[in-house]
Amino acid sequence: MFAREKINHTPLPLPDRANMSDAEMLAASAAFYAHIKKRHSVRDFCNRPVPREVIENCVLAAGTAPSGANHQPWHFAAISGAEMKHRIRLQAEAEEQTFYDGGAGDEWLKALEPIGTDANKPHLDIAPWLIVVFAQRWGQFDDGARFKNYYVPESVGIATGFLLTALHTAGLVTLTHTPNPMKFLTEALGRPDSEKPVMIIAVGHPAEDATVPAVAKLKKPLGEIMSVFE
């Protein structure tokens, strides 16, 4: 992506400047909160297809996220093929079985009980799309020389948040999944050693009988997640 001769500091006038009144800002922030609080992690998908263009637009939105030195240290592998999805499911379930058989430890397993999860992951087959998020440890100039990426976990985390928000805005539901270890995803998807898989996101439409754990609706109040110093 990067050519050495094109990397320089060139200030540009701020594009797409927002100019909202205080009242407009308040209305917009309240509207967004009303929208985003309807996002839920869903484990019950139906097989209704999702157009590839929708996924591409959401990934483009994720790609606008800020990143360390603007290196954009992420890659999103989008999978809709049934064979590849099933292969990922089998390998993920093998890792999850070890986790639930005691590898996680009693405290972690106890914490998961209200969520109702187990080693069985049928959503990896049923959801029309799986998006595997990769973090890039280093990048390359167009001449093949390596360069270091900075604040990789933070940058990828922000981009993933953008992606989840974009998918929700497109009317889709998601489920984040982090089998451990995930090295099999690098090999299965042919990604380079410079990249580390950090998450699988199942994407699609909810099943008619989809449910969410009641505990998932319990969110900390503002006073517990925000401190104000004026």
Side-chain angles (χ1 to χ4, degrees), residues 1-21 24-42 50-80 127-142 146-178 182 185-186 189 191-192 194-205 225-226:
M1 171 184 169
F2 295 108
R4 293 176 189 271
E5 66 274 10
K6 293 183 179 180
I7 299 178
N8 54 68
H9 178 62
T10 304
L12 299 173
L14 177 65
D16 308 314
R17 182 188 295 271
N19 187 16
M20 303 172 72
S21 68
E24 289 171 328
M25 288 190 293
L26 181 59
S29 63
F32 182 76
Y33 172 55
H35 167 68
I36 202 64
K37 73 178 181 179
K38 296 176 182 177
R39 191 214 64 82
H40 303 292
S41 294
V42 173
V50 173
R52 173 175 166 172
E53 291 78 9
V54 174
I55 302 300
E56 290 175 341
N57 285 338
C58 292
V59 171
L60 283 170
T64 68
S67 61
N70 192 38
H71 282 189
Q72 303 156 55
W74 46 65
H75 182 86
F76 303 93
I79 304 139
S80 65
W129 288 93
L130 303 179
I131 301 176
V132 180
V133 182
F134 287 89
Q136 297 177 337
R137 299 180 179 94
W138 67 85
Q140 288 184 307
F141 291 107
D142 58 354
R146 287 187 184 183
F147 58 82
K148 181 180 178 180
N149 287 331
Y150 301 92
Y151 297 105
V152 174
E154 296 86 349
S155 300
V156 174
I158 295 169
T160 302
F162 275 36
L163 177 59
L164 294 172
T165 302
L167 292 165
H168 171 63
T169 301
L172 299 169
V173 296
T174 57
L175 181 65
T176 56
H177 178 48
T178 52
M182 288 190 277
L185 291 166
T186 304
L189 298 172
R191 300 308 303 166
S194 59
E195 296 181 359
K196 176 184 178 181
V198 296
M199 189 178 302
I200 304 171
I201 305 173
V203 181
H205 296 279
I225 65 173
M226 180 180 182

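Given the structure is predicted, the values throughout are model-derived calculations rather than measurements.
- No side-chain heavy atom of Met199 sits less than 4.5 Å from a side-chain heavy atom of Val156.
- Of all heavy-atom pairs between Trp138 and Ser194, the closest is CE2-CB, 3.2 Å.
- Rounded to the nearest 0.5 Å, atoms CD (Gln136) and CD (Glu195) are 4.5 Å apart.
- Taking the six-membered ring where the residue is Trp, His71 and Tyr150 present tilted rings, their angle falling between 30° and 60°.
- The side-chain heavy atoms of His40 and Val173, taken from C-beta on, include no pair separated by under 4.5 Å.
- Side-chain N or O atoms of Asn149 include none that pairs as donor or acceptor with a backbone N or O of Pro73 at under 3.5 Å.
- A donor-acceptor contact shorter than 3.5 Å links the side chain of Ser155 to the backbone of Gly68.
- Side-chain atoms of Trp129 never come within 3.5 Å of backbone atoms of Ile55 as a donor-acceptor pair (strictly under, hydrogens ignored).
- When side chains are defined from C-beta on, Val133 counts as touching Phe76, because their heavy atoms get closer than 4.5 Å.
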Q: Decide side chain to side chain contact (heavy atoms under 4.5 Å, CB included) for Leu175 and Val42; before the verdict, give the C-alpha distance in whole Å, the side-chain angles of both, and the deciding distance to 0.1 Å.
A: CA-CA 6 Å; Leu175 181 65; Val42 173; 5.9 Å; no
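- Side-chain contact between Ile201 and His177: absent, with no pair of heavy atoms (C-beta onward) separated by less than 4.5 Å.
- One distance of note links CG of Leu130 with OG1 of Thr174; it measures 12.0 Å at 0.5 Å rounding.
- The heavy-atom pair separating Thr186 from Pro192 by the smallest distance is CG2-O, 4.0 Å.
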Q.
Apply side chain to side chain contact (heavy atoms under 4.5 Å, CB included) to residues Val198 and Thr178 and explain how you reach the verdict.
A. CA-CA 7 Å; Val198 296; Thr178 52; over 6 Å; no
**Q.** Steps toward side chain to side chain contact (heavy atoms under 4.5 Å, CB included) verdict (Leu189, Phe134)
**A.** CA-CA 11 Å; Leu189 298 172; Phe134 287 89; 3.9 Å; yes
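- Side chain of Gln72 to main chain of Asn70: a donor-acceptor pair is present (N/O by atom type, distance under 3.5 Å, no hydrogens or angles).
- Across all their heavy atoms, Ala61 and Phe162 have their closest contact at O-CD2, 3.5 Å.
- Interatomic distance, CG of Leu26 versus CE of Met20, reported as 9.5 Å (0.5 Å rounding).
- In this structure, the side chains of Thr160 and Thr176 stay at 4.5 Å or more apart for every pair of heavy atoms.
- Test Ile131, Val203, Ile158 against Leu163 for side-chain contact (heavy atoms from CB on, under 4.5 Å) and you get one pass: Ile131.
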Q: Just do the side chain to side chain contact (heavy atoms under 4.5 Å, CB included) check on Lys196 and Met182 with the steps written out, would you?
A: CA-CA 8 Å; Lys196 176 184 178 181; Met182 288 190 277; over 6 Å; no
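- The side-chain heavy atoms of Ile200 and Leu185, taken from C-beta on, include a pair separated by under 4.5 Å.
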